[in-house]
Amino acid sequence: MIDPAILPDSFVSLAMSAGETWGGAAAMSGLVGIVGGGVAAVAAWALSRHAHRRNHDALRRIAQFATDRAEDAETPRPPIEGEYADVIHAIERAADDTYKRAQEARQKSRACEIELGLAKAELSYLEAILHTISDAVVVTDAFNEVALANPAAAKALDFELDGSAQQPVDRVVRDAQLATLIKDTRDSGDCSRRRRMEKRLPTSDGERVFDVTLASLGDKTPRDPDADQDTPASTRSNGVNGVVTVLRDVTQEREIAESKSHFVSSVSHELRTPLSSIAAYIEMLIDGEAEDPESREEFYRIIQTETTRLARLIDNMLNISRIESGIVRAQRERILLTPIIREALDVMAPQAEAKQMELIDKLSPVQDYVFADRDMMYQVVLNLISNAIKYTEQGGTVTVTSDVDREARTLTFQVADSGVGIPEDALPKLFEKFYRVQDNSKMANGTGLGLNLVKHVVENVHDGTIRVTSKRGEGSTFICELPFAENP
């Protein structure tokens, strides 16, 4: 309640003057007590409608003062008497009603603000989750416009993420077939069934294979049949509020599946060849076709060769499988590689002599230890020297060198030959399983697994590197690098 003592003298005089006209000072003080906030204008208007013209300005000034200085509507009010008590009571009731409605509106506004804040927070949370998903996700709304997308989708479908929101899907998704499928999924109105397809798309990383899944989002809003009649068919929700499209990159899975299929086919072929030879010569021995000792000796030698080849093929496959699966048990220790290389040279010397070839030892006298499995590294060196002898014509040379790089802390050994060389287009595939250079396949038998095993042993087991340089008709050089063993 406003204390009349604090009112300006001019206002008190004005109020008393108005009171004489409208029913006394008590009525005016009651008016000042009840009018507050936005409802003061209502009071001024109601009073002015009944006011005498000469007191119009005075009442307006009182109402304005009440607007500026009135206390809360909950403040106790003095009794109202006078000629216009009914009018003031009516204004009071209107003011109370307006005040309550204003309070309700304020509470609803506050509730709406809270709900809006929660919705924004939830949207930000969902967007954060969406951005962490590795699969490409695109969400379109009922108007076939992009509502949400993540960076993986922008990369897979080659569009700018920042400018994609609220853009038509066929402008964002450049692949016409995929954009049409998204639209068809939305137009179908079927929220119970998912659509799936496999799609090859060009990306910055080359062509990739995606498993595409599309699902419709049901429209939970009750439909108004009358409103639907006035809405164009192309923009009706049709019970679908949008479409979620998920693209999962399955390129590696497809490559693995193709590799397995190729592996099975290659293994079958490689196993069939020695088995067929063994079976054929055994059958000839049973039928008595080798009557003289020389023929029988030749048949026995061929059977032994094919059996050894078959055993080597199986061993290589088992070793590769163990290394790839991570279950290989390498007995790694600090060893010097030079003695292992010289041992392999001594073993391969008879084969080189048979082809009148020269094995040249250029191993460095400077040595250092590597942390390696001795037997595995022996197989690596033996395999590289054996291949060099096989694919070098009679009278050629095979040179084995080694070097130590103290700064890089690596030991390097090379096996170079003066053989037929490897075509440039075959170099990237040389270490793949069962791959053999067709132009050189007639020079020697092989399984196509030796170099693949070498690569696995050097790089996967010993953390080294192996590479090859070659020029057709001038020979090849295989270069192997291994890290030094750390000092104990």
Side-chain angles (χ1 to χ4, degrees), residues 118-186 188 190-218 240-263 320-321 323-327 428 431-433 455-456 459-460 463 465:
L118 291 174
K120 289 182 177 179
E122 185 176 357
L123 180 60
S124 299
Y125 181 67
L126 292 176
E127 287 180 342
I129 294 176
L130 189 64
H131 280 57
T132 61
I133 297 176
S134 59
D135 292 341
V137 180
V138 177
V139 182
T140 55
D141 58 21
F143 302 98
N144 289 322
E145 295 179 348
V146 175
L148 289 173
N150 64 351
K155 181 179 180 180
L157 300 175
D158 191 22
F159 65 83
E160 293 294 332
L161 185 61
D162 292 338
S164 63
Q166 306 307 315
Q167 293 294 319
V169 66
D170 50 5
R171 293 185 184 177
V172 176
V173 179
R174 300 180 183 180
D175 187 85
Q177 182 183 8
L178 182 58
T180 302
L181 185 61
I182 294 174
K183 291 181 180 180
D184 291 344
T185 302
R186 180 257 173 196
S188 68
D190 186 359
C191 299
S192 61
R193 184 173 63 89
R194 294 183 178 183
R195 295 188 176 188
R196 293 191 64 179
M197 65 175 294
E198 192 169 283
K199 182 72 178 173
R200 291 182 177 269
L201 295 173
T203 68
S204 57
D205 298 330
E207 187 179 72
R208 310 291 294 178
V209 182
F210 292 94
D211 180 28
V212 184
T213 303
L214 301 99
S216 300
L217 297 175
V240 175
N241 201 33
V243 176
V244 178
T245 305
V246 180
L247 297 89
R248 186 169 64 90
D249 192 339
V250 294
T251 306
Q252 187 175 7
E253 295 177 13
R254 295 295 176 268
E255 290 176 351
I256 291 174
E258 292 176 2
S259 176
K260 287 182 178 179
S261 177
H262 176 70
F263 177 79
I320 292 172
S321 177
I323 294 173
E324 288 181 337
S325 62
I327 63 174
F431 293 98
E432 294 180 2
K433 294 176 185 175
K455 184 178 180 65
H456 277 297
E459 297 187 351
N460 295 354
D463 302 320
T465 60

**Q** What residues, two or more places apart in sequence or in another chain, satisfy salt bridge (charged side-chain N to carboxylate O under 4.0 Å, His left out) together with E253?
**A**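 Per chain and number, E253 pairs via salt bridge (charged side-chain N to carboxylate O under 4.0 Å, His left out) with R248.
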**Q** Run the side-chain contact (heavy atoms from CB on, under 4.5 Å) test against D184 and tell me which residues pass, sequence neighbours left out.
**A**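 Checked D184 against side-chain contact (heavy atoms from CB on, under 4.5 Å); matches are T180, R195.
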**Q** Kindly compute the distance separating CG (D211) from CG (L247), expressed to the nearest 0.5 Å.
**A**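 So the gap between those two atoms works out to 8.5 Å.
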**Q** Where is the tightest heavy-atom contact between L178 and D175, given as atom of each residue plus distance?
**A**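 Scanning both residues, the minimum pair turns out to be N-OD2, 2.9 Å.
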**Q** Can you sort out the partners of R171 under salt bridge (charged side-chain N to carboxylate O under 4.0 Å, His left out), two or more places apart, ordered by chain and number?
**A**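 Result, salt bridge (charged side-chain N to carboxylate O under 4.0 Å, His left out) vs R171: none returned.
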**Q** A side-chain contact here means heavy atoms from C-beta on lying under 4.5 Å apart; do T213 and R196 qualify?
**A**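 SC-SC contact between T213 and R196 confirmed.
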**Q** Has R186 got a side-chain atom pairing as donor or acceptor with S216's backbone, closer than 3.5 angstrom?
**A**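 Answer holds: no.
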**Q** Residues in salt bridge (charged side-chain N to carboxylate O under 4.0 Å, His left out) with D170, at least two apart?
**A**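 Residues passing salt bridge (charged side-chain N to carboxylate O under 4.0 Å, His left out) with D170: K183.
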**Q** I'd like to know whether CD of Q252 has more than 12 heavy-atom contacts from other residues, nucleotides or ligands below 6.0 angstrom.
**A**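 No, the 6.0 Å shell around CD holds no more than 12 heavy atoms from other groups.
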**Q** Measure the spacing between CG of N460 and NZ of K455 and express it to the nearest 0.5 Å.
**A**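 These two atoms lie 8.0 Å from each other.
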**Q** When rounded to the nearest 0.5 angstrom, what is the spacing between OG1 in T140 and CD in Q167?
**A**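 Nearest 0.5 Å value for the OG1-CD distance: 13.5 Å.
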**Q** Run the salt bridge (charged side-chain N to carboxylate O under 4.0 Å, His left out) test against E122 and tell me which residues pass, sequence neighbours left out.
**A**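 In terms of salt bridge (charged side-chain N to carboxylate O under 4.0 Å, His left out), with neighbours along the sequence ignored, E122 is linked to no residue.
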**Q** Please say which of V243, L214, V173, T245 ends up in a side chain to side chain contact (heavy atoms under 4.5 Å, CB included) with L181.
**A**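 Among V243, L214, V173, T245, the one that satisfies the side chain to side chain contact (heavy atoms under 4.5 Å, CB included) with L181 is L214.
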**Q** Distance-only criterion, 3.5 Å: show the donor-acceptor pairs between side-chain atoms of residues 146-166 and protein atoms not counting sequence neighbours.
**A**
{"from": "N150", "atom 1": "OD1", "to": "V137", "atom 2": "N", "distance (Å)": "3.0"}
{"from": "N150", "atom 1": "OD1", "to": "A153", "atom 2": "N", "distance (Å)": "3.0"}
{"from": "N150", "atom 1": "ND2", "to": "L130", "atom 2": "O", "distance (Å)": "3.3"}
{"from": "N150", "atom 1": "ND2", "to": "I133", "atom 2": "O", "distance (Å)": "3.4"}
{"from": "N150", "atom 1": "ND2", "to": "D135", "atom 2": "O", "distance (Å)": "2.8"}
{"from": "K155", "atom 1": "NZ", "to": "D205", "atom 2": "OD2", "distance (Å)": "3.4"}
{"from": "D158", "atom 1": "OD2", "to": "R174", "atom 2": "NH1", "distance (Å)": "3.3"}
{"from": "S164", "atom 1": "OG", "to": "L161", "atom 2": "O", "distance (Å)": "2.8"}

**Q** Return the minimal non-hydrogen interatomic distance between T132 and I129, and the atom names on each side.
**A**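 Taking every non-hydrogen atom into account, OG1-O, 2.6 Å.
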